Amino acid sequence: MIKTVELTKVFRTDEVETTALNKVSFEVKEGEFVAVMGPSGCGKSTLLNILGLLDNPTGGEYYFLGSEVSGFTERQRASLRKNNIGFVFQNFNLIDELNVFENVELPLIYLGYKTNERKQKVEKALEQMQIIHRKKHFPLQLSGGQQQRVAVARAVVANPKLILADEPTGNLDSAHGEEVMNLLEQLNKNGTTIIMVTHSQRDAEYSHRIVRLFDGQVVTENIKEQFAL
Amino acid sequence: MLINDLKSALRNITKNKFYSFLNIAGLAIGFAAFIFIFLYVRNELTYDKYNRNAARIYRIESDFTISGKHDQFAIVPVPMGPALKIEFPEVEQFCRFVNAGNELFKYKEKEFYEKDFYFADSTVFDIFTYRMLMGDPKTALVEPYSIVISQTIAKKYFGDQNPMGEIIEGANNDKYKVTGILEDIPSNSHLRFDALLSGTTIAAMQGADNFNSMEPIRFWNIGVYTYLLLSENSSMQAIHDKFGDFYAKYMKPVGDQINASFNLMSTPLLKTHFYSNLSGDLPKGNLTFIYIFSVVAVFILLIAAINYMNMATARSAKRAREVGIRKVAGAFKRQLIGQFLTESVLLSLISLVISLVLVYFLLPNFNTLSGKQMSFNIFTNPGLILIILGVALFIGFISGSYPAFYLSSFLPVKVLKGSSAGGARKGGLLRRILVVFQFFIAIVMIIGTIVVSSQIRYLRDKDLGFGKDNMIVLELQDTSFRKNAESFKKELLKNSNILGVTNSTGIPGDNSWIQVVKMEKDGQMTDHAMILALVDYDFVKTYGLKIVTGRDFDRSMGTDAKEAVIVNEATVKQYGWTDNPIGKKILWGFELDGTGGRLLKVIGVVKDYHFNSLHNKVEPIMLFLTERPRVFLSLKINPEGMDQTLKYVEEKWNEFGAKRPFDYKLLSETWDTMYESEQKLGVIFRLATILTIFIALLGLLGLSSFIAEQKTKEIGIRKVMGASLGNILGLLYKEFIVLIIIAFIIAIPVAWWRLEIWLETSFVYHIKISASYFLLAGLLAIVISLITLSYHTIKASLGNPVDAIKYE
């Protein structure tokens with residue numbers, strides 16, 4: 001489903017040139033649950049942004065669902081994004097001015113779904129995340145764990161093929177963190193591909209495969225299942 | 001403490017250059033506009049106030065009733081002033097003015113037509129306060145053929161030479177000796193003159209006995225402006241109360257003979273500029289406009305102040321952290337308030353300084369625009385500066401007060417933890433109301449400008465019922481030249497580019513001859529005051545008037561010269577001639593006892609045409625023929641090759657031995673100048689509107705910049721969720737467009753109501769306010785707002801989503 005070939009990203013400011021990703025090549029098959037790990041500043045988020053079509057690489061190729069997308073315009077990327085990818089962020093990134101229902105509804109509005117269809121899908125997603133009883137509340141009225149659940153609901157409401165999660169439990173306590181990871185695991189069992197960036201070894205345990213990055217390069221690709229006993 | 005506050009204030013202002021610039025620009029323009037309007041209004045409201053005796057000076061006016069018809073004039077009979085002084089102890093002094101006509105005055109090789117020279121009694125200096133720079137006010141105008149000139153006139157004719165004792169030549173080779181120099185009359189005088197000629201001159205010309213006669217007949221001809229200086233503790237009302245006796249003694253004998261009566265009216269000097277509506281009056285001020293401008297001045301300032309308030313509260317989130325830290329460091333709420341107020345007052349004062357510079361440089365332009373000569377000298381006018389300073393401080397305080405109180409109330413814990421101080425959203429409602437208010441004002445003013453411009457255009461383009469274009473008018477001042485008018489006319493007609501020539505005593509736009517005639521009404525000949533014009537056979541044709549009944553004057557009809565008269569539709573209506581106007585009789589030029597005179601019969605009726613300004617309704621008028629010389633020669637000219645044609649006319653003018661230099665008027669221009677005051681006001685109003693809109697847009701710019709900034713994160717998230725550029729733009733525009741539409745809806749009834757009233761009370765002929773004006777205004781408001789909003793919204797919408805949702 002996803003394949004990168006010598007993906008490179010260089011950030012240039014007036015004085016400094018930073019190579020965030022250095023010829024990264026790897027693949028993710030449909031239905032996999034992959035964790036990307038590494039110390040701070042090693043390029044994990046950059047990689048996720050590119051995979052999520054939020055940013056363009058400066059070198060190399062990126063094959064998404066079979067098409068080479070590294071040169072796509074923002075418009076084309078937006079289109080691919082909204083149809084195929086759901087995002088979960090460390091700091092939830094909900095819109096404070098909209099209530100829970102409206103936040104989750106957002107991707108569906110941009111996909112052009114009609115009001116009734118949207119209502120159906122949103123309520124289904126909210127039920128799935130067990131947050132439907134708070135659908136009229138605003139993000140600032142919810143706890144961290146609840147906000148993340150809303151974020152996950154938003155990520156899945158359009159049935160994306162791929163979910164990208166960036167430190168999903170970073171702002172949560174352990175109990176809530178476990179809840180969210182269970183949700184992700186469940187989603188993956190139902191067929192959604194998940195690529196997750198994390199610091200936490202415990203979170204990484206939920207994945208099939210761990211890819212370690214160091215200074216912009218893949219160090220190891222640790223296929224857990226191969227060692228499963 | 002104050003030093004610290006000032007330091008912080010200055011640093012804050014320089015740190016946020018963009019917003020500070022917007023605020024200062026808005027306030028500076030606001031203050032400058034305020035100062036200009038203030039100067040203008042003050043000038044208008046202090047007309048004639050410089051006169052020491054102003055409170056005791058009254059202008060007397062005439063109220064004639066002839067056969068039941070009232071006519072009121074700003075001028076009175078010649079002997080009225082002196083007679084009142086004799087009969088009423090309340091009158092301490094009187095003074096009369098009469099315009100010397102548009103005559104040619106000459107000194108050596110310098111010659112000019114002067115329309116603002118007046119004959120006046122020597123008592124003028126006892127009543128009015130004019131500063132005489134040279135000469136003795138007690139004697140300057142005593143002798144006949146004396147002239148007192150203004151500084152400007154002195155310079156014009158004499159340069160730097162001393163004019164005292166020199167001779168200026170006037171009409172008919174009259175020689176006037178310069179006996180005094182006056183400081184130029186202030187621009188805020190209702191009667192402005194460039195020079196005064198001694199009234200005794202007229203007595204000398206007409207014969208003193210004749211001029212000073214108080215025979216009753218002399219009281220039934222009006223001709224002069226007259227002012228009374230009442231003695232201390234006298235009232236004008238007392239004079240009015242006793243006027244009946246005066247009338248009986250001086251005027252009744254003749255009045256009864258001609259079935260007329262007269263009543264005296266008066267206006268206090270200080271009210272003459274605004275409150276009078278009489279024939280023959282001087283140009284007046286319009287109180288409505290004064291009110292409007294005063295209100296506009298306040299609005300403009302308000303809008304600038306609102307901008308400051310809006311932007312300050314909107315951006316409060318940025319300063320929340322600063323407030324939290326200061327509080328943790330021990331600041332009391334009061335001290336914080338003081339700090340923020342210092343900032344806003346400082347900003348206000350900086351803007352004030354800039355506005356003073358603006359005013360200094362733009363004052364000459366404003367003077368030209370408004371037709372006044374105002375000065376803005378801080379040193380001669382400390383009171384003014386104090387007022388402006390007060391206004392600046394006041395604006396600084398009120399615009400800073402809300403943000404100051406709001407910001408200083410933040411709780412340190414909340415703001416330091418980073419959660420939004422709830423602020424930006426709570427302030428939201430007030431901010432929206434302020435934006436709506438700003439746009440309400442701007443839209444009302446746009447609508448006002450559109451209506452005013454339309455009304456002026458309507459007046460300019462209205463079909464006047466006669467051919468206004470390509471008409472040249474020559475004034476034959478020279479009585480001897482006037483006698484040759486017919487031959488001159490024949491010569492002119494030889495040029496094929498001169499399509500028509502007519503000689504008359506009145507032209508459209510200048511028909512002031514009113515006389516009592518006998519009109520046939522219900523079978524009887526009764527006295528009425530009629531406007532009349534003596535014309536020739538070609539008048540109707542040359543001016544393109546339309547005959548609707550009967551016929552035009554005809555040379556082949558021998559009787560026309562003595563008996564024919566043409567009237568307009570208004571005459572027919574007024575005298576009940578609708579069924580059969582042809583043949584109705586009018587007696588003109590009869591003696592006091594009703595005998596003699598010329599009996600005229602109506603041969604034709606012309607469609608009503610505007611023979612006087614559109615400010616007046618079309619009244620009845622009668623046109624008839626005469627052999628007497630008439631002053632106006634009107635030429636209809638082919639627009640092509642007009643320069644050549646004019647040269648030809650000038651040649652012929654000189655050939656015929658005209659003593660005066662060739663001068664002509666373009667009729668269409670004279671008509672345009674009738675609306676000069678409306679046009680000037682229209683321009684000022686348009687300017688004020690543009691300023692208002694500009695300042696409101698400055699506010700919009702600042703707010704949109706802020707809101708785009710504030711929503712960066714939200715925009716980023718939406719883009720991640722798949723929003724297109726269009727979705728994002730719509731989101732940002734929507735907020736403001738809704739507010740503007742609300743402002744628009746509120747503005748419509750208010751604007752409609754006020755403008756309807758203005759039109760009805762100021763004009764006899766006016767446009768109807770149509771919905772298209774409102775739509776245009778609304779559209780304009782939305783379009784320019786969108787343009788202003790676009791810069792920041794597009795910038796925000798195009799950014800990379802990644803940048804937007806970067807980690808904090």
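Throughout, protein chains are lettered first and strands after them, A, B, ... in sequence-line order, and every chain is numbered starting at 1. Predicted model only: the values in this text are computed from it and were never measured.
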query = Relative to chain B, which segment of Leu94(A) carries a heavy atom at a distance below 4.5 Å: side chain, backbone, both, or neither?
reply = backbone
key: Which residues share a salt bridge (charged side-chain N to carboxylate O under 4.0 Å, His left out) with Glu714(B), sequence neighbours left out   = Lys711(B), Arg718(B)
ask   = In this structure, are over 12 heavy atoms from other groups packed under 6.0 Å from Gln130(A) atom CD?
value = no
request  = Quick one: closest heavy-atom pair of Tyr110(A) and Ala723(B), and the distance?
outcome  = CZ-CB, 3.3 Å
remark   = When rounded to the nearest 0.5 Å, the distance separating CG of Asn93(A) from CD1 of Ile717(B) is 4.0 Å
ask   = In this structure, are over 12 heavy atoms from other groups packed under 6.0 Å from Glu30(A) atom CD?
value = no
key: Least distance between heavy atoms, Met721(B) atom then Pro107(A) atom   = SD-CG, 3.8 Å
message = Would you say OH of Tyr733(B) has more than 12 non-hydrogen atoms from neighbouring residues, nucleotides or ligands within 6.0 angstrom?
response = yes
